[in-house]
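Here is the naming used below: chain letters follow the sequence lines, and residue numbers restart at 1 for every chain.
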Protein chains: 2
Amino acid sequence: MATETIIKTLVRKLPVFSGMEEAAFNQLMSHGTQRIVPKNSAVFQQGEEADLFYLLVQGRLKVTQVTADGQQIIVRVVNPGDLFGFAMALGRKDYPGTPVALVDSSVLAWPMEMMSDFMARNPTLAVNTMQMIGSRLDAAHSRIREISTQEVEQRVAHAIIRLISEAGVKDEGGIRIDFPVSRQDIAELTGTTLHTVSRIISHWQGKGWVEGGRKSLLVRDLHRLQQIADSDI
Amino acid sequence: MATETIIKTLVRKLPVFSGMEEAAFNQLMSHGTQRIVPKNSAVFQQGEEADLFYLLVQGRLKVTQVTADGQQIIVRVVNPGDLFGFAMALGRKDYPGTPVALVDSSVLAWPMEMMSDFMARNPTLAVNTMQMIGSRLDAAHSRIREISTQEVEQRVAHAIIRLISEAGVKDEGGIRIDFPVSRQDIAELTGTTLHTVSRIISHWQGKGWVEGGRKSLLVRDLHRLQQIADSDI
DNA sequence: CGTTGCCTTGACTAGTTTCAAGATCAGTGG
DNA sequence: CCACTGATCTTGAAACTAGTCAAGGCAACG
């Protein structure tokens, strides 16, 4: 099928599958099933038994976790080409978070056993996966450092810069994030409240550095945000 | 040599090396070099080129990271049997943190290339390492959730409970952490200041739940700390 | 065209940090 | 063995950041 071939070609180029033998790759692809995830719906729920692991082909997801007392945080944003829901690789049986589509998305899913089998037979895949998880660990540590040592304004600046670098698109007079992000989302990414985020963005807007909108944000002066993010003191 | 055999037997039992073939394991052990790390000295420095990876045989380390503006955080505490300094697995060439011995410690070191070689040939090792990193990622996310949503007192309670569960030893009328931990250390683990930590511990001491000391802490009522850590609101 | 969801803003409050000073303890060298 | 010194810890008071509470505006959607 045409779409299948397109997807296959796309997937083939992903770093996780680099260095994998053609035969193995083909076998992998033949076992994956595609699924469309409409905006605002979840691929699976936190706590569910992890029987499948996923690859985001197209679209954008946010992975949220809810704490015992109902507070929510966004663990990360999933970009096209990212794997997610690989609970097994983390040595657990249930999904630790809930991935929600920020825009209509399309994912590929495989049975979790395939992952262990394939990794046992494809050391490259295992090493690649490990490095992917490793870089995520690195990112998590950066975030811990930020939340621990920086003030809210710096953290918000950082979060926005990160989103821009992952999904920034040029727009009239600036750069815009390619998918809808609410103030609440930014708050959950930075460990603060939507009120504080709103105040900060209003302030920036007053200075002309950004232009706010409903679930959107146009960055006019990225350099200035960088300064805010990096400012010592 | 006698000590060498003892170490080998100890190492053999570690989860990371479980399922590894005897021959491979022996070869691995024959390439490792032992090193004594005196209290308060660093095994290596953050930013150095990562040419070796390590296993903590005996003792206790804290891994710190310094931010651009000089603020410090403790990334984690390394317990006997833990691997550390495996930068390669994270896909980077330099060490992301500095491990400092909290007590006189002993480590085993291997050339970093051995790690990739061995993982390429021992899928089990690769999967084990991946799961270890995965569980660390899990822990990092928990910490992000805590710092983002909980108040300092809860976070301090959590940190102490974690230290107790990793290295708690019975003492007269309570449990004590097996190695020296300063108020500053706890502050760097929880993203606060030593002043606030001191106040909180003083308060607990007033209630009779703990007993403070210089770089030490006797927990008299662990259950109460649990309550504090888990208290909603 | 009303209802719902998202965003903004002001006023108030509270938890933490910052600043400052002093107490206490451990180790060191005379 | 004891005074000295540096590190660690405690505590008070002031300053402030960010959260909470509350109300209203605005835009999208059915």
Side-chain angles (χ1 to χ4, degrees), chain A residues 38-40 62 69-74 100 102-103 146-157 159-160 177 179-207 210-218 228 231-233, chain B residues 38-40 62 69-73 100 102-104 146-157 159-160 177 179-207 210-218 228 231-233:
Chain A
K39 181 173 174 173
N40 292 326
K62 64 173 175 185
D69 57 319
Q71 297 241 51
Q72 197 174 83
I73 65 156
I74 296 182
V100 176
L102 295 170
V103 296
E146 279 177 23
I147 305 187
S148 303
T149 65
Q150 303 184 331
E151 319 222 324
V152 176
E153 190 176 16
Q154 291 180 282
R155 276 145 50 192
V156 171
I160 290 171
I177 297 165
F179 51 89
V181 193
S182 68
R183 305 287 179 271
Q184 178 70 41
D185 288 334
I186 297 176
E188 287 174 15
L189 277 170
T190 50
T192 179
T193 61
L194 78 161
H195 305 279
T196 304
V197 172
S198 180
R199 279 182 237 274
I200 288 171
I201 290 183
S202 294
H203 173 228
W204 290 349
Q205 185 158 22
K207 300 279 189 178
V210 303
E211 204 166 303
R214 234 180 162 60
K215 291 204 167 205
S216 83
L217 188 68
L218 177 71
I228 294 171
S231 69
D232 299 9
I233 300 167
Chain B
K39 182 172 171 173
N40 292 325
K62 63 173 174 184
D69 56 319
Q71 297 241 51
Q72 196 174 84
I73 66 156
V100 176
L102 295 170
V103 295
D104 290 339
E146 280 176 23
I147 305 186
S148 303
T149 65
Q150 304 184 329
E151 319 222 323
V152 177
E153 188 175 17
Q154 291 180 281
R155 276 144 52 191
V156 171
I160 291 171
I177 297 165
F179 51 90
V181 192
S182 69
R183 304 288 179 272
Q184 178 71 42
D185 288 335
I186 297 175
E188 287 174 14
L189 277 170
T190 50
T192 180
T193 61
L194 78 162
H195 306 279
T196 304
V197 172
S198 179
R199 280 181 235 276
I200 288 171
I201 290 182
S202 294
H203 173 228
W204 290 350
Q205 186 158 21
K207 300 279 189 178
V210 302
E211 204 165 303
R214 238 177 160 63
K215 290 205 168 203
S216 83
L217 188 69
L218 178 71
I228 294 170
S231 70
D232 300 9
I233 300 168

From [X] atom [atom1] to [Y] atom [atom2], the distance as rounded to the nearest 0.5 Å:
X: B:R183; Y: B:K215; atom1: CZ; atom2: NZ; value: 11.0 Å
X: A:L194; Y: A:E188; atom1: CG; atom2: CD; value: 9.5 Å
X: A:Q71; Y: B:E146; atom1: CD; atom2: CD; value: 12.5 Å

Problem set entry | Main-chain N/O of B:Q150 paired to B:R155 side chain as donor or acceptor, under 3.5 Å |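 Yes, the answer is positive, given that a donor and an acceptor are paired below the 3.5 Å cut-off.
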
Who passes side-chain hydrogen bond (donor to acceptor under 3.5 Å, both in side chains) against [X], sequence neighbours left out?
X: A:S198; result: none
X: B:T192; result: none
X: A:S202; result: none
X: A:S182; result: A:D185

Please report, rounded to the nearest Å, how far the [atom2] atom of [N] is from the [atom1] atom of [X].
X: B:N40; N: D:dA7; atom1: CG; atom2: C1'; value: 11 Å
X: A:I147; N: D:dA18; atom1: CD1; atom2: C1'; value: 15 Å
X: B:E151; N: D:dT20; atom1: CD; atom2: C1'; value: 12 Å
X: B:R183; N: D:dT10; atom1: CZ; atom2: C1'; value: 9 Å
X: A:E153; N: D:dC16; atom1: CD; atom2: P; value: 16 Å
X: B:H203; N: D:dG12; atom1: NE2; atom2: P; value: 13 Å
X: B:Q184; N: D:dC9; atom1: CD; atom2: C1'; value: 11 Å
X: B:K215; N: D:dC9; atom1: NZ; atom2: P; value: 7 Å

Problem set entry | Terminal axes of the helix from C:dC1-D:dG30 to C:dG30-D:dC1 (five pairs each): angle between them, nearest 10 degrees |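 What I find for the helix from C:dC1-D:dG30 to C:dG30-D:dC1 is an axis angle of 40°.
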
For this session: List for me each residue that meets salt bridge (charged side-chain N to carboxylate O under 4.0 Å, His left out) alongside A:E153, sequence neighbours excluded, and say none if there are none.
Result: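 A:E153 satisfies salt bridge (charged side-chain N to carboxylate O under 4.0 Å, His left out) with no other residue.
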
For this session: Looking only at non-hydrogen atoms, find the nearest pair between B:A157 and B:I228 and report the distance.
Result: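 Residues B:A157 and B:I228, closest heavy atoms: CB-CG2, 4.0 Å.
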
Restricting to side-chain contact (heavy atoms from CB on, under 4.5 Å), what partner residues turn up for [X], sequence neighbours left out?
X: A:L217; value: A:I160, A:I201, A:V210
X: A:E211; value: A:Q205, A:L218, A:R220
X: B:A159; value: B:T190

For this session: With a 4.0 angstrom cut-off to heavy atoms of chain A, pull out the first and last contacting nucleotide of DNA chain C, in 5'-to-3' order.
Result: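 Endpoints of the contacted stretch of DNA chain C: C:dG5 to C:dA11.
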
For this session: Give B:S198 one of three labels, base, sugar-phosphate or nothing, depending on what nucleic acid heavy atoms sit under 4.0 Å from its own.
Result: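 Base: the residue B:S198, judged by heavy atoms under 4.0 Å, touches a nucleobase.
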
Exercise. With sugar-phosphate meaning primed atoms plus P, OP1 and OP2, does B:T196 contact a base, only sugar-phosphate, or nothing at under 4.0 Å between heavy atoms?
Worked result: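 Result for B:T196 = base.
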
Are there any protein N/O atoms within less than 3.5 Å of an N/O atom in nucleotides 2-6 of chain D, and if so, which ones and at what distance?
none

Problem set entry | Sole residue of A:L189, A:L102, A:V181 in side-chain contact (heavy atoms from CB on, under 4.5 Å) with A:K62 |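 Answer to the side-chain contact (heavy atoms from CB on, under 4.5 Å) test with A:K62 among A:L189, A:L102, A:V181: A:L102.
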
Exercise. Quick one: does B:H195 reach the base of D:dT11 with a side-chain donor-acceptor pair under 3.5 Å?
Worked result: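 Indeed there is one.
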
Dump the pairs, protein N or O against N or O of nucleotides 13-15 of chain D, anything under 3.5 Å, distances to one decimal.
| residue | atom | partner | partner atom | Å |
| --- | --- | --- | --- | --- |
| D:dA13 | N6 | B:R199 | NH2 | 3.4 |

